[in-house]
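The figures here come from the full heavy-atom set of this structure, side chains too, leaving out hydrogens, waters and symmetry mates. All figures in this text were calculated on a predicted structure; none of them were measured in a lab.
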Amino acid sequence: MIELEFDEISSPIGTIFIASHGGALCALDYSGYEARMLELLRSRFGEVKLTRRHDPNGFRTRVQAYFDGDFRAVDGIDVSGGGTPFQQRVWSALRTIPTGTTASYRDVATKIGSPLAARAVGLANSQNPIAIVVPCHRVIGTNGKLTGYAGGLDRKRWLLAHEGAQLRGVGLEAGAAGAFPRAV
């Protein structure tokens with residue numbers, strides 16, 4: 001059984017759960033999605049034991065800084081999401097999408113050298129175990145529309161608005177961040 005350090009963070013979009021192993025962040029997910037997080041962790045590690053630690057490796061502090069407006073605070077976090085070689089390429093490419101911008105699934109597929117793999121990129125995106133830090137929320141449809149997000153479209157919309165992304169027609173105007181209050 002693998003022991004993972006675990007903590008939870010209060011945020012404007014609900015409680016966030018983080019897990020780390022060996023000094024790297026291996027999971028970041030939302031309240032209501034704990035079963036998904038555990039499933040992804042078990043598929044990678046087998047049986048896991050989550051041991052509560054306050055602010056393991058400073059990850060909690062850095063994620064809170066992100067919510068306070070220091071978007072670069074999460075940039076240098078060492079991540080270890082597991083996954084297949086293809087998923088790892090996709091997740092690595094996601095970390096190159098600048099804050100406040102978006103990319104399409106096709107853009108990401110092209111970036112990783114597989115321009116016809118937009119659907120496979122979408123699947124890899126949906127299985128990203130490290131939300132926010134590996135910013136899958138910055139990927140949108142080729143038509144500029146918001147598409148699925150494992151944490152829910154309201155969270156995706158809120159995160160993009162928080163980062164200052166400018167998208168017309170997808171409800172990122174002030175006060176349109178769904179069930180979550182607009183970031184200040």
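Of the inter-residue distances, the one linking Phe67 atom CZ with Ser10 atom OG reads 10.5 Å to the nearest 0.5 angstrom. For the atom pair Ile97 CD1 and Thr102 OG1, the distance stands at 8.0 Å (nearest 0.5 Å). For the atom pair CE (Met1) and CD (Glu47), the distance works out to 5.5 Å, reported to the nearest 0.5 Å.
Under the 4.5 Å side-chain criterion, counting only non-hydrogen atoms from C-beta, Thr15 is not in contact with Ile9. Residues Leu4 and Phe45 are in side-chain contact: their nearest non-hydrogen atoms beyond the backbone lie under 4.5 Å apart. Taking 4.5 Å as the limit, every side-chain heavy atom of Phe59 sits out of range of all side-chain heavy atoms of Val133. No side-chain heavy atom of Gln87 sits less than 4.5 Å from a side-chain heavy atom of Leu123. A heavy-atom distance below 4.5 Å is not found between the side chains of Phe17 and Tyr30. The side-chain heavy atoms of Pro135 and Arg95, taken from C-beta on, include a pair separated by under 4.5 Å. At a threshold of 4.5 Å between non-hydrogen side-chain atoms, the residues Arg157 and Leu146 count as touching.
With 3.5 Å as the limit, one finds a donor-acceptor pair spanning the side chains of Arg89 and Ser114. Glu39 and Tyr33 share no side-chain donor-acceptor pair at under 3.5 Å. For Thr99 and Arg72, the side-chain atoms include no donor-acceptor pair closer than 3.5 Å. Between Glu3 and His21, the side chains place no donor N or O within less than 3.5 Å of an acceptor N or O (distance only, hydrogens not considered). A donor-acceptor contact closer than 3.5 angstrom is absent between the side chains of Thr110 and Asp107. There is a side-chain donor-acceptor pair under 3.5 Å between Arg44 and Ser80.
Nearest heavy-atom pair across Ala131 and Tyr149 is CB-OH, 3.8 Å. Cys136 and Asn125 make their closest contact through CB-OD1, 3.1 Å (heavy atoms, listed as atom of the first residue, atom of the second, distance). Among all heavy-atom pairs drawn from Thr147 and Val139, the shortest one is OG1-O, 4.4 Å. In this structure, Leu25 and Ala19 approach most closely via the heavy-atom pair CD1-O, 3.4 Å. Shortest non-hydrogen contact noted between Val48 and Leu41 is CG1-O, 4.3 Å. Of all the heavy atoms in Asn57 and Ser20, the pair that sits closest is ND2-OG, 3.5 Å.
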Step by step, work out the side chain to side chain contact (heavy atoms under 4.5 Å, CB included) result for Val121 and Ile112.
CA-CA 10 Å; Val121 164; Ile112 65 168; 4.2 Å; yes
Are Asp29 and Ile16 close enough, and set up right, to give a side chain to side chain contact (heavy atoms under 4.5 Å, CB included), and what steps lead you there?
CA-CA 6 Å; Asp29 221 326; Ile16 292 175; over 6 Å; no
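The local environment of CZ in Arg106 is sparse, with at most 12 non-hydrogen atoms from other residues, nucleotides or ligands closer than 6.0 Å.
The closest donor-acceptor contact from the side chain of Glu5 to the backbone of Arg53 lies at 3.5 Å or more, if one exists at all. The backbone N or O of Leu94 lies less than 3.5 Å from no partner atom in the side chain of Arg138, so there is not a single donor-acceptor pair. Side chain of Asp55 to backbone of Thr61: a donor-acceptor contact under 3.5 angstrom is found. Arg62 places no side-chain N or O within 3.5 Å of a backbone atom of Val74 that could act as its donor or acceptor partner. Looking at Glu163, its side chain never comes within 3.5 Å of a backbone N or O of Ala161 through a donor-acceptor pair. Here the side chain of Arg42 pairs no donor or acceptor atom with the backbone of Leu38 at under 3.5 angstrom. Looking at Trp91, its side chain never comes within 3.5 Å of a backbone N or O of Gln127 through a donor-acceptor pair.
The pair Arg60-Glu8 does not meet the salt-bridge criterion, since no charged nitrogen lies less than 4.0 angstrom from a carboxylate oxygen. Using a 4.0 Å cut-off between charged nitrogen and carboxylate oxygen, Asp7 and Arg52 count as a salt-bridge pair.
For the pair Arg119 and Tyr105, the NZ or CZ position fails the cation-pi test of under 6.0 Å to the six-membered ring centre and within 45 degrees of the ring normal.
Between His162 and Tyr66, the two ring planes are perpendicular [angle over 60°; tilted spans 30° to 60°].
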